[in-house]
Asks: 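Below you will find the structure I want to go over with you.
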Amino acid sequence: MNRNDLRRVDFNLLIVFETLMHERSVTRAAEKLFLGQPAISAALARLRTLFDDPLFIRTGRVMEPTSRAEEIFRLLEPALDSISNALSHTSEFDPATSDAVFRVGLSDDVEFGLLPPCCVVCVRKPPMSCWWSGAPIIC
């Protein structure tokens, strides 16, 4: 497969594969990835097609990887680590220079207990400002 063929690969499948290798269970992989079991099963079916291998064999309650799955994992894990590192290099957050807007939704009870202390922090730590229901908070 050349790099141009990578366009047809869903990289989310590779994350499912890696998680299955670690968890050895469709149920636990689904929980870890915050997906349903049917989604993991469907992803596994697509992985089996992509790699033309069963990849995992059910042995009791455990999914045992095939030798091909072990080989793929040895090659894939460092590549996923490199991709993760390349994508995670972000600039540090500096609240003094940031113009980001954070919106927090709170229930009435939580707002009553949490908002007053937040107001105190906002007033003490300029240049932040606090707004409540579209209006500035004056503490």
Asks: Taking atom CG of N85 as the centre, does the number of heavy atoms from other residues, nucleotides or ligands within less than 6.0 Å exceed 12?
Replies: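 Correct, the count exceeds 12.
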Asks: With rounding to the nearest 0.5 Å, note down the distance linking OG in S25 to CZ in R58.
Replies: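 Spacing of OG (S25) from CZ (R58) equals 7.5 Å.
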Asks: Please determine if E71 and R68 form a salt bridge, counting it only when a charged side-chain N lies under 4.0 Å from a carboxylate O.
Replies: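 Salt bridge: yes.
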Asks: Take atom CG of D108 as the centre, draw a 6.0 Å sphere, and report whether it contains more than 12 heavy atoms from other residues, nucleotides or ligands.
Replies: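 Open.
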Asks: As a quick check of understanding, evaluate side-chain contact (heavy atoms from CB on, under 4.5 Å) for M21 and E70, giving each step before the final call.
Replies: CA-CA 8 Å; M21 286 297 290; E70 294 281 359; 3.8 Å; yes
Asks: Do N4 and N2 get their side chains close enough for a donor-acceptor pair, meaning under 3.5 Å?
Replies: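 Note: N4 and N2 side chains miss the donor-acceptor criterion.
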Asks: Mind checking side-chain contact (heavy atoms from CB on, under 4.5 Å) for S67 and listing every partner two or more places apart, or none if nothing turns up?
Replies: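 Per chain and number, S67 pairs via side-chain contact (heavy atoms from CB on, under 4.5 Å) with no residue.
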Asks: Write down the atom of P65, the atom of R24, and the distance for their closest heavy-atom approach.
Replies: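 Taking P65 first and R24 second, the nearest heavy atoms are CD-NH1, 3.2 Å.
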Asks: For E64 and T59, does a side-chain donor sit closer than 3.5 Å to a side-chain acceptor?
Replies: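 Note: E64 and T59 side chains miss the donor-acceptor criterion.
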Asks: Can you tell me how far CG of L76 sits from CZ of F17, rounded to the nearest 0.5 angstrom?
Replies: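 Output value for this atom pair is 6.5 Å.
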Asks: With heavy-atom distances below 4.5 Å as the criterion, would you say the side chains of M63 and I57 are in contact?
Replies: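 Not touching, per the 4.5 Å side-chain cut-off.
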Asks: For V26 and I40, work out which heavy atoms get closest and say how close.
Replies: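 Closest pair (atom of V26, atom of I40, distance): CG1-CG2, 3.7 Å.
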Asks: Work out which heavy atom in R48 is nearest to a heavy atom in L55; give both atom names and the distance.
Replies: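 Minimum heavy-atom separation between R48 and L55: N-CD1, 3.9 Å.
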Asks: Quick one: closest heavy-atom pair of I15 and L33, and the distance?
Replies: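 Heavy-atom minimum between the residues: CG2-CD2, 3.9 Å.
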Asks: On the 0 to 90° scale, with breaks at 30° and 60°, tag the H22-F73 ring pair as parallel, tilted or perpendicular.
Replies: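 Perpendicular.
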Asks: Could you state the interatomic distance from CG (L47) to CG (L14), rounded to the nearest 0.5 Å?
Replies: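 If I round to the nearest 0.5 Å, the distance is 7.0 Å.
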Asks: So R28 and L20, side-chain contact (heavy atoms from CB on, under 4.5 Å) or not? Walk me through it.
Replies: CA-CA 8 Å; R28 285 196 310 271; L20 282 167; over 6 Å; no
Asks: Would you give the length of the straight line joining atom CG of L13 to atom CG of L44, rounded to the nearest 0.5 angstrom?
Replies: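 Between L13 CG and L44 CG, I get 10.0 Å after rounding to 0.5 Å.
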Asks: CD/E77 to CG/L75 distance, rounded to the nearest 0.5 angstrom?
Replies: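 Answer for the CD-CG pair, E77 versus L75, is 11.0 Å.
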Asks: Got a second to check how far T27's OG1 is from R61's CZ, nearest 0.5 Å?
Replies: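 Taking OG1 in T27 and CZ in R61, the distance rounds to 8.5 Å.
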Asks: I'd like to check T66 versus F56 (side-chain heavy atoms, cut-off strictly below 4.5 Å). Are they in contact?
Replies: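 The answer is no; the side chains never approach within 4.5 Å.
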